[in-house]
Amino acid sequence: MSGDHLHNDPQIEAGFRVNDSHKHKKDKEHRHKEHKKDKDREKSKHNNSEHKEHSEKKHKDKHKDVEKHGEKHREKDGEKHRDGLKHTLKITRDKDSEKHKDGEKHREKDGEKHKDGEKHKDKHRDKDREKRKEEKLKSSSGSVKVKKENGFSSPVRVKDEPEDGFTISPTAHNKAMKRPRDDDDDYKPKKIKSEGEKKGKKRKQEEEEEDIKPKKNKTKDKGHVGEVKKKKGKKEEEEKWKWWEEERHADGVKWKFLEHKGPVFAPAYEPLPDNVKFYYDGKVVKLTPKAEEVATFFAQMLEHEYTTKDIFRKNFFKDWKKEMSADEKNMITNLSKCDFTEMAKYFKAQSEARKAMTKEEKQKIKEENEKTLQEYGFCVMDNHRQRIANFRIEPPGLFRGRGDHPKMGKLKRRIMPENIIINCSKDSKIPTPPAGHKWKEVRHDSKVTWLVSWTENIQGSIKYIMLNPSSRIKGEKDWQKYETARRLKMCVDKIRNTYREDWKSKEMKVRQRAVALYFIDKLALRAGNEKEEGETADTVGCCSLRVEHIKLYPEIDGQEFVVEFDFLGKDSIRYYNKVPVEKRVFKNLQLFMENKQPEDDLFDRLNTSILNKHLQDLMEGLTAKVFRTYNASITLQQQLKELTNADDNVPAKILSYNRANRAVAILCNHQRAPPKTFEKSMMNLQTKIDAKKDQLMDAKRELKSAKADAKVRRDEKTKKLLESKKKAVQRIEEQLMKLEVQATDREENKQIALGTSKLNYLDPRISVAWSKKFGIPIEKIYNKTQREKFAWAIDMADDDYEF
DNA sequence: AAGACTACTTAGCACACGTTTT
DNA sequence: AAAACGTGTGCTAAGTAGTCTT
C-alpha cells in the first residue's frame, strides 16, 4: 500500500512529459478512459471507514514532532514565509527541451545574484527602519486622517486587530460609502462633464506633492486632440475626472447611462491580384474568394513553425475545406501539395511597401486612425467620456493557441454584425449597424460592463468589448481588489492557523483543502479550475494538480521534506520549483498520492468551488486569487523596505524598486522568453560601460595633473580648472554608475517579466508612496498608460501609505 | 454535485513606433 | 538619412469565479 512504485515511474522521472505531443496524446486518451473509473474507485475507497482509520492512525503517529516543527516555522512565517521567492525559473512553453536545460543553467546564476542583492541592502536597513518608525508614530498619534476607502466590501468578518493606525474602521467607511449614489437620478444623457471640475478637497502635507500637481489648468473638454501634441513637458494632464472622490453606484448596477457607437469591424477581404498564383500539385488554381481568403491566412504564417505542426495543418485543412466550393473540395485533397509561396511573397512585399511609405502617407494613416479612435474609441458612461479598450472586432484568421493546443490552426471566422450583441442604455442613441446589416440583439443590461459581445467559434466562448483600464468602471474594481487583499492581511494569520489545524482533520476533503490552500498561500499558485479535456492545452493550477506534477523527496540537498513541482500553468508556462514543506504537509501529500496513477488528480476531493466556498466563510470576498494579490503586494512592500537605501541616488533606488518588483514576478512565476536580441544588447551596453570607464580614467588623469598644477601656481585660473576637472570626474562617475546599474537590472531581468505583476498584482499605492517618500518621480516607475490606469492611486496615496 | 453559461481579470508576445546611434 | 534599438501598445488567449439549471 505504499505507492512507492509511483516514485520510480520513469514517466515522472523524465519530467518533460509535455514535450512529446504524441506521447502526450496517448496519455490523455488513457487518462480519459481511466479517469472515471479511478474516480469511482477513489471515492469508494475514501468513503469506507477502514481507510479513514488507517490514515488517521498514520498521522497520529507523527503528531508530536510535526507539531514542534510547525511551531518553529510559524514564527518566521508571518509575513515573510516567502521561501517560495527564491524559486527557480525556467522559461519554457512545453516545446523544446533544449530550452529547459538552458533555463536550468541560468537559473542558478540568477539565484546567486538575487542573494547578493539581498545582502547589500542590509547595511542601511536598520537605520531606515528606525526612521520609519518615528515617522509612523508621528503621523498616527497626530491627526487621525480619515482617509476615504472605497467601501466596496462590507465589514470584515474575521476581525483581527488592525496592526497599524492606518486602517479605517469598517463602520466609518460604510457610512461614507453605502449611500447609493442616486436612486432617483433619472438618467438622461446630461451634458457630459468635461473632466476635472472637481473640488480639490483633502490633501495635507504637500511638500513633495507640489511638483506633481500643478492643479491649475482647468481641463479642456475632450481632453484629447490638442493635448496629445503637447510634448511631455512634465505634466501631461489633462486634469482628469476624479471618480474616486465620488460615490459609487448601488449594488450590482454598473452604470446608469451608456452610449457608444458600436464596434469597428475588420476590413472586408480584398481578393489577391491576378498575378499572384496559387498552385496545387504544380498547377495553377484560381480559388474562389472564400477559399482564397482562408488560404491567405495560411500563407501569411508560412514562415512560422506553427505551419509545420501536424495538428495545426490538420485543423487548418479541415476548416479550409469547409470554405471551398465543391470543385475545389474535389481537387484539393492534400495540403502538402499546396503551394502558397507566391501568396506569401506577395504579403511580404506588401509589408515592405508599407514600411517604405513616405512620411505623408504614414501621417495620413495615422490621422485616419486617430479619427476612428475618436469616433469609436470612446463611449459615454454616466456623463463621462471614457476610453474603450478594444473597440475593434477581432479579424478572422487562424487560431493560434498557446502551448500544445488541440485546436491550433482552426479557422477563426469573420464576425458579422449579425453576430453582435449591443449593450447600451435604452435612452441612448443606439449604434447603427453597417449598411445592409443588423445586430443580432440590442439589450440594455446595466448589471454588466460590456458594450458589445459576440460568441467566438473556436471555444464557443463569449468575447466582449469593455472599457479601458483608466476608466472608472475598471478602476473602481481594481481598487476594490486591493482593498480585499488588505482585508486578507488582517486575518491571514488566523487563516494560516486554521489551515494548519486542518492538516490534521480526519476528513480527507478538509485535509486536501488545507494543503492546497497552503500551496496557494505559500507559493502563490493559481486556483486551478478544471478545464474540458481536449478543448484546451493541458495546463493546471493548484486544485487541478495531478500526481505526475509533483515529486516528493524526504530528503534532498540537505533539506527535509522537499516537494518538487513541475507542471505547465496558464499560457503553458512551466512552473518548476523545489520547496521544503512542513512535515505534516509532506505526509499528507504522500497520503493523497497513495494508490493513484500519475495522471490522477492529486486533490481528488477538491475543486476550486469547494475551496472558494470555504474561503468565503473565512472572510467575505475571499477567493483563491486574493492570496496572489495579497502575497504579491505584501512582498513588494516588504522588499521595498528592505532594499531601498535612502542614501542611494535615483538610479540605484530604481534598481532597488525593480528588484522588489522582480521578487514578486518570481513569486508569481511571470516569465518571458529572453528577448531575441538580449545577448547583443547586453554586449552593447558592456561596450558603452568600457568606453565610459576609459573616459573616466582620462578625466581622472586630467584631474590629477590639474591638482598638481594648482599646487604649484595658485592663481585663479588653475583653481577654476581644477574645479571643473573635479566636476567632470564626478559627472562621469555618475554616468558610469548609471550604466552599470542598468546592466545589472537588465541582466537580472533576462527571463522575468515585470509588467504583469506591476499591472495586476501590486497595489499601486505602495509604489506611489515609495516614490513620494524617496523623491523619485512617478514617471520613473510608471509610464504614461500605467499612470492613467493608476491615476486613483497616484492621487490618493501619501508617502506613508501602508498596504 | 455537476455542468452550462456568463462576466471579468490576467497573460505573453509581436510588432509598430519613437528615439538614439551611426 | 539610415540603421539600430528599446519600449510601449494592441491583440487576444487563457485564466478565475459567479450564477443558474438540472
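On a predicted model such as this, the values are computed, not experimentally measured, just so you know. Residue numbering restarts at 1 for every chain, and letters A, B, ... go by the order of the sequence lines.
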Round to the nearest Å and state the distance from [X] atom [atom1] to [N] atom [atom2].
X	N	atom1	atom2	value
A/Lys463	B/dC8	NZ	P	16 Å
A/Asn468	C/dG10	CG	P	8 Å
A/Leu622	C/dG18	CG	C1'	15 Å

Shortest side-chain distance from A/Val448, nucleotide among C/dT12, B/dA7, C/dT16 = B/dA7
By nearest-nucleotide position on DNA chain B, the 5'-leaning member of A/Thr756 and A/Ile473 is A/Ile473
Tell me which of A/Ser757 and A/Asn607 sits closer to the 5' end of DNA chain B, going by the nucleotide each one is nearest to.
-> A/Asn607
For A/Arg746 and C/dG6, is the shortest distance between a side-chain N/O and OP1 or OP2 below 4.0 Å?
-> yes
Sequence-distant partners of A/Glu532, side-chain hydrogen bond (donor to acceptor under 3.5 Å, both in side chains), two or more places apart | none
Take A/Glu483 and A/Arg486, measure what salt bridge (charged side-chain N to carboxylate O under 4.0 Å, His left out) needs, and give me the verdict at the end.
-> CA-CA 5 Å; A/Glu483 290 308 311; A/Arg486 291 174 87 200; 3.2 Å; yes
Just checking, A/Lys412 and A/Phe399: is the charged tip under 6.0 Å from the six-membered ring centre and within 45° of the axis?
-> no
Of A/Arg402, A/Arg546, A/Lys531, the one forming a salt bridge (Lys or Arg N to Asp or Glu O under 4.0 Å) with A/Asp538 is A/Arg546
For the side chain of A/Lys570 and the base of B/dT10, is some donor closer than 3.5 Å to an acceptor across the two?
-> yes
